[in-house]
There are 2 protein chains.
Amino acid sequence: MTKGSLREKVLRVRENAIVDVVNRLLAEKGFEQMTVDEIAADVGIAKASLYKHFASKEALAAAAIERLLERALEVARQLDERADVPALGRLRALVRWGVKLQLAGEMPVLPLHHPSVRAEFVGARPCAELLTQLSDLLGAWILRAQADGEVDRSFPLELVLYTLYARAADPVPGLLKTAGQHDDAQVVEWVVQTLFAGLGARPS
Amino acid sequence: MTKGSLREKVLRVRENAIVDVVNRLLAEKGFEQMTVDEIAADVGIAKASLYKHFASKEALAAAAIERLLERALEVARQLDERADVPALGRLRALVRWGVKLQLAGEMPVLPLHHPSVRAEFVGARPCAELLTQLSDLLGAWILRAQADGEVDRSFPLELVLYTLYARAADPVPGLLKTAGQHDDAQVVEWVVQTLFAGLGARPS
DNA sequence: GTCTATAGCCAGATAGAC
DNA sequence: GTCTATCTGGCTATAGAC
């Protein structure tokens, strides 16, 4: 166990470094524009070595998404403990976390219409499982927020859930940041406000 | 002029058919997944013939976007004539038009982070010009809606403009449609409502 | 497990006859 | 302007030495 676990630890560290690079490149240029050559160059190892760790480019992307889901789930579970925060507040907090991640250039994005990506993603048990867990948690919050009268009761659960998820890949934060002029915190608040309260004027 | 204009007319019809196919494929699978071979096959001509009409794959995509912008501008100008409709109503109507187009599978989508696509798009004078005209028109509506107290006055113009544009490529309508269960009209109304009034419960 | 070198493939673009 | 046939480059993936 001594030597074996040490080797495994080194291996984990290396694979984590790989996933870091993949995550960043997925955020920067997306799956198709990201090349395996570039991943290898950025990590600082040969391309063939990458394939000793991950079976395919799709597996690399799936690993990045899996880690994202793990982190999101961790954040969500911490929020779930906070009995003092209302359901709507938890939803807002999680969206804030996601938008901040996106502005930091760390939100990987996948083209889910791409057949091979889809296949790998649903084939990767951990990813599907994590997504289910996260959705279950969020679904409970949404139902609670509707019961509390904080979210429109006429909206079906899936409409709210999809709308929340979609903000993670929304181009608006990035565009506003690129336009300059505004700092990240301001952008986050605007996006959260338009998401929950819409573009309309708030009742004064 | 007789023979020349006839030939030109035939040419226009053929190019229009090409753009139809490109538009549909861009809506279906996006720029990268769309192949020139498939375009040629769907149009029913040889690939080399395509390149007699358009210089590159990017030019094909730009042509589809240009036609989309022409149509959007036409719809916007018609709405602009309607003195009886308030500014917010015009904005809602244009968004409805866009979401319907998307649900019909006719909203082409471009990856604007893709360098060569960006270059072609900004290099294509007509596209840039049309986008500017559309944005000017929408900008005027937005300012008017803010003056009328229908849109939050604290929002900068670009936030509102980007948010409106982003709905044209939003995945939510497609996801809701795929989930089945709901008809298009219902999906359109939900998306428009969440855009302008947010997820929050409306004051009763 | 890491490397260099290369196979195999696919898609964008072109040559040249008609 | 249309076609068939081909070129070219870039990308994923692997072979094989160490």
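Predicted model only: the values in this text are computed from it and were never measured. Per chain, numbering begins at 1; letters A, B, ... match sequence-line order.
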Residue pair A:Glu28, A:Arg24: steps toward the salt bridge (charged side-chain N to carboxylate O under 4.0 Å, His left out) verdict:
CA-CA 6 Å; A:Glu28 268 177 29; A:Arg24 183 174 51 78; 3.2 Å; yes
Steps toward salt bridge (charged side-chain N to carboxylate O under 4.0 Å, His left out) verdict (B:Arg96, B:Glu189):
CA-CA 8 Å; B:Arg96 266 199 204 90; B:Glu189 286 317 302; 2.9 Å; yes
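Annotation: of the two residues near DNA chain D, A:Ala55 and B:Arg14, the 5′-most nearest-nucleotide partner is B:Arg14. Mapping B:Ala46 and A:Lys52 onto DNA chain D by nearest heavy atom places B:Ala46 closer to the 5' end of the strand.
Remark: A:His53 engages no residue in a ring pair (Phe, Tyr, Trp, His ring centres under 6.0 Å) (not counting sequence neighbours).
Although no hydrogens or angles enter the test, the distance criterion places no donor-acceptor pair under 3.5 Å between the side chain of B:Glu32 and the main chain of A:Glu32. In terms of modelled atom types and a separation under 3.5 Å, the side chain of B:Asp148 and the main chain of B:Glu150 share no donor-acceptor contact. Without hydrogens or angle criteria, B:Lys177 side chain to B:Val172 main chain gives no donor-acceptor distance under 3.5 Å.
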Shorter than 3.5 Å, N or O on both sides, protein versus nucleotides 9-12 of chain C: list them out with atom names.
| residue | atom | partner | partner atom | Å |
| --- | --- | --- | --- | --- |
| C:dG12 | OP1 | B:Lys57 | NZ | 2.8 |
| C:dG12 | OP2 | B:Val36 | N | 2.8 |
| C:dG12 | N7 | B:Lys47 | NZ | 3.2 |

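Contact detail for B:Asn23 and B:Glu106: the closest heavy-atom pair is ND2-O, 3.1 Å.
Along DNA chain D, read 5' to 3', the first and last nucleotides having any atom under 4.0 Å from a heavy atom of chain B are D:dG1 to D:dT4.
The NE2 atom of A:His182 sits 4.5 Å away from atom CH2 of A:Trp190, with the distance rounded to the nearest 0.5 Å.
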